[in-house]
Amino acid sequence: MLFFVSTICLSCAFFIRPKVQFVIENQTSKDFKMLVYSKSILLNSISIRNQSKFDTTLTFGSPGSNGQNSPFNSEKVDSIIVLFSDKRIIRYYCDGKILLSGTINGLNCKWDKSPMDFRFDKTNKFKPVTYKSLIYDESDYQKAKPL
């Protein structure tokens, strides 16, 4: 009986895919929208009020995850714009190439932080959830360009 229960528990653990929780924090004094595009088509729009956060949980290995470093579809995203309420922007764009961290097809497209490469924070050993975050603070806002 113990063998049977152990076998069922192990097989359930094998088939239950872990989850990844993504958090985007806005620690700036301005509200902002994060606009995520693929070939000029808006894929996602996330509004985050100042001193607030957005979070979502995805199943690891879901379509478009490619290692699950971002909540956005890493197989399609070619530009991301962070638009602050006073019309200042941070633009992530690399000559129309798919946005991944690091060098893209020989192009040196690097940013201080990339919304396609969240920082790993912690895992909970009792739940199959990994926590990853991206934090925008006043220094990021200061780097934003006027629209």
Side-chain angles (χ1 to χ4, degrees), residues 8-147:
I8 288 176
C9 289
L10 286 173
S11 62
C12 286
F14 178 76
F15 289 109
I16 296 173
R17 296 190 315 203
K19 301 201 179 292
V20 183
Q21 180 183 10
F22 294 98
V23 177
I24 303 171
E25 287 188 52
N26 180 358
Q27 296 179 358
T28 71
S29 58
K30 305 289 182 191
D31 298 347
F32 72 72
K33 276 188 182 180
M34 185 173 279
L35 305 165
V36 181
Y37 293 93
S38 174
K39 298 181 180 173
S40 300
I41 297 171
L42 182 65
L43 298 177
N44 298 88
S45 176
I46 300 169
S47 296
I48 307 173
R49 296 181 89 42
N50 66 326
Q51 304 302 316
S52 186
K53 65 182 175 180
F54 163 86
D55 70 76
T56 186
T57 302
L58 302 174
T59 301
F60 187 86
S62 58
S65 66
N66 284 357
Q68 208 69 56
N69 287 327
S70 172
F72 310 119
N73 188 333
S74 58
E75 296 170 351
K76 293 183 179 181
V77 175
D78 61 12
S79 61
I80 296 176
I81 295 173
V82 176
L83 177 62
F84 290 94
S85 57
D86 65 349
K87 306 297 183 208
R88 294 176 62 97
I89 66 169
I90 300 172
R91 186 181 320 228
Y92 302 93
Y93 179 77
C94 190
D95 200 28
K97 306 295 182 202
I98 300 300
L99 293 184
L100 298 171
S101 60
T103 304
I104 301 172
N105 294 335
L107 299 170
N108 190 14
C109 298
K110 293 188 179 195
W111 302 276
D112 291 342
K113 61 181 70 171
S114 169
M116 293 304 290
D117 194 15
F118 278 55
R119 192 183 90 230
F120 171 77
D121 279 331
K122 61 185 173 186
T123 58
N124 182 335
K125 65 168 67 170
F126 300 110
K127 289 183 180 178
V129 176
T130 299
Y131 177 86
K132 295 186 177 192
S133 66
L134 181 66
I135 300 171
Y136 285 91
D137 58 23
E138 281 301 316
S139 68
D140 297 305
Y141 172 74
Q142 295 302 322
K143 294 174 190 173
K145 308 278 188 230
L147 186 62

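What you see is a predicted model; the values in this text were computed from it and never measured.
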side-chain hydrogen bond (donor to acceptor under 3.5 Å, both in side chains) against [X], all qualifying residues, sequence neighbours excluded:
X    : result
D55  : none
K87  : none
D78  : none
D137 : S139

Worksheet entry | Pairwise ring pair (Phe, Tyr, Trp, His ring centres under 6.0 Å) hits with a residue in residues 39-58, at least two apart |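 For residues 39-58: none.
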
Practice prompt. Kindly indicate, with the supporting measurements, whether the criterion side-chain contact (heavy atoms from CB on, under 4.5 Å) is fulfilled by F72 and L43.
Written response: CA-CA 9 Å; F72 310 119; L43 298 177; over 6 Å; no

Discussion item. Once side chain to side chain contact (heavy atoms under 4.5 Å, CB included) is applied, do any residues pair with I89, and if so which ones, sequence neighbours excluded?
Written reply: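 So I89 forms a side chain to side chain contact (heavy atoms under 4.5 Å, CB included) with I81, L83, R91, L147.
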
Discussion item. Please give me the minimum heavy-atom distance between K132 and V20, naming the atom from each residue.
Written reply: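 For K132 and V20, the tightest heavy-atom pair comes out as CD-CG1, 4.1 Å.
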
Discussion item. Minimum heavy-atom separation for L35 and S45, please, with both atom names.
Written reply: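 That would be CD2-OG, 3.5 Å.
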
Worksheet item: How far does CE of M34 sit from CD1 of I24, to the nearest 0.5 angstrom?
Response: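 The CE atom of M34 sits 4.5 Å away from the CD1 atom of I24.
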
Worksheet item: Does anything in residues 26-39 pair up under side-chain hydrogen bond (donor to acceptor under 3.5 Å, both in side chains), and if so which pairs, sequence neighbours excluded?
Response: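 Pairs touching residues 26-39 that pass the test: E25-Q27, N26-T28, S29-E138, D31-R49.
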
Worksheet item: Listed by chain and number, what are the ring-ring contact (aromatic ring centres under 6.0 Å, His included) partners of F32, not counting sequence neighbours?
Response: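 Scan of F32 (ring-ring contact (aromatic ring centres under 6.0 Å, His included), adjacent residues dropped) gives F84, Y136.
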
Fill in: Beyond-backbone contact of K143 with I90, side-chain heavy atoms, under 4.5 angstrom
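Answer no - side chains too far apart.
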
